[in-house]
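The sequence lines fix the lettering, A, B, ..., with proteins before strands; numbering per chain opens at 1.
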Protein chains: 2
Amino acid sequence: MSDLLDRLRGRGWRMTAQRRVVAEVLDGDHVHLTADEVHARAVAKLPEISRATVYNTLGEMVTLGEVIEVSTDRRAKRYDPNAHRPHHHLVCANCGTIRDVHPAGDPMADLPSDERFGFTVSGVEVTYRGICPNCAATG
Amino acid sequence: MSDLLDRLRGRGWRMTAQRRVVAEVLDGDHVHLTADEVHARAVAKLPEISRATVYNTLGEMVTLGEVIEVSTDRRAKRYDPNAHRPHHHLVCANCGTIRDVHPAGDPMADLPSDERFGFTVSGVEVTYRGICPNCAATG
DNA sequence: ATCCTACAATGGACTTAGTCCAAGTCAAGT
DNA sequence: ACTTGACTTGGACTAAGTCCATTGTAGGAT
């Protein structure tokens, strides 16, 4: 069923009802929920799950590299289960909707060594901003 | 003295001691202070300045496009006065140090229209992550 | 099948970053 | 110098997240 669950089980994760529910909530493409949204959906399936557990579980998934943390604004972090293929994000400045995008080109290659200030550069995030069709239509 | 102050005055800003101090604190290259850091430095020059005023003033500068808000992590926003020339950021994953960088290439051109999902794309932020020489040396 | 125990879940207090607002203050035009 | 509306103040409030002592339980051992 869930690729995410399978991969987590394969890493020796102890499987609990809470972790199963969180993994189920985080399934699909273009999923970018906040921790509170994950909690709300998890509660619908398992009413006694606590906020702390949701935070712990999301944090562990991020540590394992199975979920990506996205901070597109200064509000709540969002969690993106689509960690297996590199991608970037397109964010609506009005409503906050996020889409995964796959631009051409490699931004890493665009940073010459004399612009690295001696850093060991390990990654790059690209965030496109704009207005989504829905917000454009409703003014 | 301060380009920033001149530009703000030119936009009809009422000039107060508080605004002057905030603008003075935000001066120079590679400046990326948090609101609290700005407040701490402002207090050194004008002891009675309040946190709320610092937040208000920074927010106005951002609205006027004279200062850029940078959220490289999920901690405090940082304020970058270097808004007149486009640039991106290189962030140390360990200590949070930020450097301005000017990569080659145009990430906007790398996003094909069939990856725009009908959005009107207005901007792009690129954040390189790595370890700074100082953190690499001290383990 | 039952027992053990290390790992996991709980919930409430706490922290950090930031916003809001009513009242007081002051820059700048007349 | 007066007036006025823009600006500042400080403290209460909110949102998002962390911490921790206690309680519960998955899964291997017996």
For the pair A:H39 (side chain) and A:Y55 (backbone), establish whether a donor and an acceptor sit closer than 3.5 Å, ignoring hydrogens and angles. no
Base, sugar-phosphate or nothing for A:R51? Non-hydrogen atoms, less than 4.0 Å. base
Presence of salt bridge, A:R51 and A:D36, under 4.0 angstrom: yes
Closest-nucleotide 5' rank along DNA chain C - winner of B:A76 and B:M15: B:A76
Donor-acceptor contact present, side-chain A:T53 to main-chain A:I49, <3.5 Å: no
Value rounded to 0.5 Å, distance of CG in B:L111 from NE2 in A:H102: 11.0 Å
Cationic N near anionic O, under 4.0 Å, A:R19 to A:E60: yes
Position toward the 5' end of DNA chain D (nearest nucleotide), B:R14 or A:N56: B:R14
Cationic N near anionic O, under 4.0 Å, B:E66 to B:R11: yes
Please figure out whether B:T16 or B:R75 has its closest DNA chain C nucleotide nearer the 5' end. B:R75
Chain B footprint on DNA chain D, 5' to 3' - any atom under 4.0 Å from a heavy atom: D:dG5 to D:dG10
Close residues, residues 36-47 of chain B, relative to DNA chain D [heavy-atom separation under 4.0 Å]: none
Would you mind reading off the bend of the helix from C:dA1-D:dT30 to C:dT30-D:dA1 from its two end axes, five pairs each, to 10 degrees? 30°
Nearest 0.5 Å, what's the CG-CE distance between B:D106 and B:M108? 7.0 Å
So, using salt bridge (Lys or Arg N to Asp or Glu O under 4.0 Å) as the criterion, who are the partners of B:R129 when residues are at least two apart? A:E125
Restricting to salt bridge (Lys or Arg N to Asp or Glu O under 4.0 Å), what partner residues turn up for B:E37, sequence neighbours left out? B:R78
Would you say the side chains of A:H89 and A:H87 form a donor-acceptor pair under 3.5 Å? yes
What is the 5' to 3' range of DNA chain C, first to last nucleotide, that sits under 4.0 Å from any heavy atom of chain B? C:dA17 to C:dA28
Hey, is the main chain of B:H30 close enough, under 3.5 Å, to the side chain of B:R99 for a donor-acceptor pair? no
Separation between NE2 of A:H32 and CG of A:D100, rounded to the nearest 0.5 Å: 3.5 Å
Check: A:P103 main-chain N/O paired with B:E115 side-chain donor or acceptor under 3.5 Å: no
